There are 2 protein chains.
Amino acid sequence: MVMVSTTNRNRTGVPCLACPLRLKPAFKDKPDDEIRFIQSMKVDHRQLPAGADIIHPGQEDAELYTLFSGWAFRYKSLPDGRRQILNFLLPGDLVGLQASLLSAAQHGIESLTEVELCVFPRRRTYELFARMPALAYELAWLGSREESLIDENLTSVGQRNAQERIAALLISLYRRADALGLVSEDSFAFPLTQQHLADALGLSLVHTSKTWSRLRRAGLFALSGGRLKLLNPRLTERMALLFESERRPRPLI
Amino acid sequence: MVMVSTTNRNRTGVPCLACPLRLKPAFKDKPDDEIRFIQSMKVDHRQLPAGADIIHPGQEDAELYTLFSGWAFRYKSLPDGRRQILNFLLPGDLVGLQASLLSAAQHGIESLTEVELCVFPRRRTYELFARMPALAYELAWLGSREESLIDENLTSVGQRNAQERIAALLISLYRRADALGLVSEDSFAFPLTQQHLADALGLSLVHTSKTWSRLRRAGLFALSGGRLKLLNPRLTERMALLFESERRPRPLI
DNA sequence: CGAGGCGTTGAGGTTCTTCAATCATGGTGG
DNA sequence: CCACCATGATTGAAGAACCTCAACGCCTCG
């Protein structure tokens with residue numbers, strides 16, 4: 001939970017028109033004039049270490065970001081310290097849309113790995129709506145997509161048992177990483193500790209550890225060198241009681 | 001789960017400029033030209049009985065609605081029949097924003113009481129973004145607000161025990177009903193069965209019944225004639241482990 | 001070498017679930 | 001008017017899932 005603001009003075013980062021993310025199969029094409037508008041709104045390219053507060057609970061002046069690289073998560077805490085991880089953020093995800101629309105952040109956002117963020121000033125969010133309706137529409141679209149992910153997490157925590165929750169989380173992260181080209185040989189970088197898992201699944205640390213180890217020993221997945229390999233995706237899907245979900249390209253802002 | 005489409009042929013319903021909801025303290029003022037635009041987008045005023053499917057899971061042509069009167073809820077089901085209620089919808093809430101932006105509804109929406117809906121064609125959602133950026137912004141704002149409610153529910157189900165979950169739900173519904181002027185003498189119409197409660201709280205029906213009765217006998221609330229009266233809101237708030245939350249007016253579309 | 005972060009495991013207790021039976025209420029048809 | 005049925009709420013009993021407490025091992029880092 002280190003508070004760092006290592007603002008990279010290299011304001012440009014990568015030009016948005018040449019953004020490597022945009023080439024991934026996860027994302028839709030976008031007309032050049034919209035990309036140039038995004039470029040003109042981008043005021044910084046910021047790098048933060050793992051464990052940094054990107055937005056803290058109650059913050060009123062949170063900017064709007066796109067996660068360029070690395071992982072992060074949104075969370076909510078209770079007064080007595082219990083913490084619920086609401087969802088994980090991967091490259092291309094919007095960071096802080098809710099916080100920038102509502103007057104104060106109702107949640108916190110923390111980096112899970114070192115991250116790079118494209119920074120857009122929250123003051124100009126309305127300008128985006130006024131001048132680039134297509135982008136505004138995609139902003140709303142991305143907001144709805146995030147809500148849909150949280151719906152799924154709520155269903156998991158409310159209805160699935162420990163083993164089903166783990167399976168559902170693995171499949172969800174696997175699919176998202178895959179769409180971003182982060183999966184090679186069924187394995188992808190997996191920066192979560194068991195405490196993160198427990199807080200995301202609504203389980204105690206101990207029970208998470210036991211169930212996690214059991215599923216690993218049962219051959220569902222393997223973990224080495226910080227990379228997770230799904231050994232039996234089909235079985236995992238069935239164990240998660242998941243309905244099929246389509247995977248169409250999405251907007252990148 | 002009756003499928004009825006009692007389309008009220010009286011297309012007008014109430015003129016939006018004279019919408020009685022708009023007078024409630026829950027809602028912000030809006031310029032007349034925006035209200036007239038909303039009126040021009042409204043294609044129907046539809047009445048459905050309790051238990052009707054407003055949007056069914058997987059539906060691809062769901063319209064966008066504003067809930068004019070009555071209660072509804074969003075839910076997600078697992079293949080084996082377990083159901084999670086994601087959030088409750090009260091008058092003034094948008095219905096089906098997520099479904100109208102994404103290509104198919106990832107959830108269902110069902111009426112809890114008889115409801116009246118203002119119907120807006122999903123085909124014209126983009127037109128709204130193009131022609132009325134202020135309204136588009138408020139649409140996104142309402143989407144973020146709904147996400148924020150789901151965040152709270154996820155935190156409840158993931159971190160609170162049965163009694164805390166019930167307290168948190170009661171406070172949340174009480175505050176929302178209050179802002180709509182639906183509360184008189186600390187009591188408001190309460191159309192949920194214990195099955196709805198159980199599905200929203202992620203608890204079994206039996207345990208919900210036992211905890212619910214225990215809190216009622218403990219004097220937290222009283223239920224008679226379908227109306228719920230919160231007898232000790234302060235205590236309920238403390239029991240829910242809730243942070244204080246501001247209540248500013250919100251947009252009505 | 002010590003400290004701290006992270007993961008694992010055992011033991012015992014609590015919360016919550018499942019199964020099952022009962023009861024109250026309201027509507028319907030004979 | 002009453003028998004019948006459906007829906008919803010209540011309660012007891014037994015067991016499973018999950019939680020807390022506690023101890024220990026492994027690793028990295030200073």
Side-chain angles (χ1 to χ4, degrees), chain A residues 1-2 49-51 78 80-85 110-113 156-169 190-218 221-228 239 241, chain B residues 1-2 49-51 73 78 80-85 110 112-113 156-169 189-218 220-228 239 241:
Chain A
M1 216 95 69
V2 190
L78 297 186
D80 66 357
R82 285 177 266 176
R83 176 179 77 166
Q84 177 67 37
I85 291 185
E110 186 179 320
S111 60
L112 203 49
T113 65
S156 244
V157 172
Q159 303 299 326
R160 292 192 244 250
N161 64 27
Q163 128 173 350
E164 292 163 348
R165 286 182 217 183
I166 288 179
L169 180 61
F190 193 80
L192 311 195
T193 66
Q194 294 195 351
Q195 186 65 63
H196 292 121
L197 285 171
D199 289 349
L201 299 172
L203 297 169
S204 71
L205 183 57
V206 173
H207 194 60
T208 301
S209 177
K210 285 174 181 170
T211 311
W212 181 256
S213 305
R214 187 164 55 78
L215 291 182
R216 185 163 40 67
R217 280 194 297 268
F221 61 91
L223 200 50
S224 76
R227 292 183 70 85
L228 187 142
M239 187 178 290
L241 293 173
Chain B
M1 217 94 71
V2 191
F73 62 89
L78 297 186
D80 66 358
R82 283 178 266 176
R83 176 179 77 166
Q84 177 66 38
I85 291 184
E110 187 179 320
L112 204 49
T113 65
S156 245
V157 172
Q159 303 299 326
R160 292 192 243 251
N161 64 26
Q163 131 174 347
E164 292 163 349
R165 286 182 217 183
I166 288 178
L169 179 62
F190 193 80
L192 311 194
T193 66
Q194 294 194 353
Q195 186 65 63
H196 292 122
L197 285 170
D199 289 349
L201 300 172
L203 297 170
S204 71
L205 182 58
V206 173
H207 194 59
T208 300
S209 178
K210 285 174 179 168
T211 310
W212 179 257
S213 305
R214 186 164 55 78
L215 292 182
R216 184 163 40 67
R217 280 194 297 266
L220 205 68
F221 62 91
L223 201 50
S224 76
R227 292 183 67 85
L228 187 142
M239 187 178 290
L241 293 173

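Protein chains get the first letters and strands the later ones, always in sequence-line order, with residue 1 at the start of each. Small disclaimer: the values here were computed from a predicted structure and weren't measured.
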Roughly how far, to the nearest 0.5 Å, is the OG1 atom of A:T208 from the CG atom of A:L203?
4.5 Å
Polar atom pairs (N or O), protein with nucleotides 21-24 of chain D, under 3.5 Å:
none

Kindly indicate whether the side chain of [X], heavy atoms from C-beta on, has any atom under 4.5 Å from the side chain of [Y].
X	Y	value
B:R165	B:T211	no
A:D80	B:L241	yes
A:W212	A:F221	yes

Is the backbone N or O of [Y] less than 3.5 Å from a side-chain atom of [X], with the two atoms forming a donor-acceptor pair by type?
X	Y	answer
A:S111	A:G51	yes
B:Q163	B:M239	no
B:Q159	A:L78	no
B:S209	B:L205	no
B:D199	B:L201	no

Angle separating the five-pair end axes of the helix from C:dC1-D:dG30 to C:dG30-D:dC1, nearest 10°, is 30°
Are B:S204 and B:H207 linked by a side-chain donor-acceptor pair shorter than 3.5 Å?
no
Below 3.5 Å, does any donor atom in the side chain of A:K210 face an acceptor in the base of C:dG10, or the other way round?
yes
For nucleotides 24-26 of chain C, which of its nitrogen or oxygen atoms have a protein nitrogen or oxygen under 3.5 Å away, and what is each distance?
none

On the nucleotide C:dG7, are OP1 or OP2 found under 4.0 Å from the side-chain N or O atoms that A:S209 carries?
no
So, does A:R214 get its side chain near the phosphate of C:dT9, meaning an N or O under 4.0 Å from OP1 or OP2?
no
Residues at least two apart in sequence or cross-chain that pass side chain to side chain donor-acceptor pair (under 3.5 Å) with A:R160, listed by chain then number, are A:E152, A:S156
Which of residues 191-201 of chain B sit near DNA chain D, with a heavy atom under 4.0 Å from it?
B:T193, B:Q194
Between the protein and nucleotides 13-16 of chain C, are there any N/O to N/O pairs under 3.5 Å, and if so, what are the atom names and distances?
{"from": "C:dC16", "atom 1": "OP1", "to": "B:A162", "atom 2": "N", "distance (Å)": "3.2"}
{"from": "C:dC16", "atom 1": "OP2", "to": "B:H207", "atom 2": "NE2", "distance (Å)": "3.0"}
{"from": "C:dC16", "atom 1": "O5'", "to": "B:H207", "atom 2": "NE2", "distance (Å)": "3.3"}

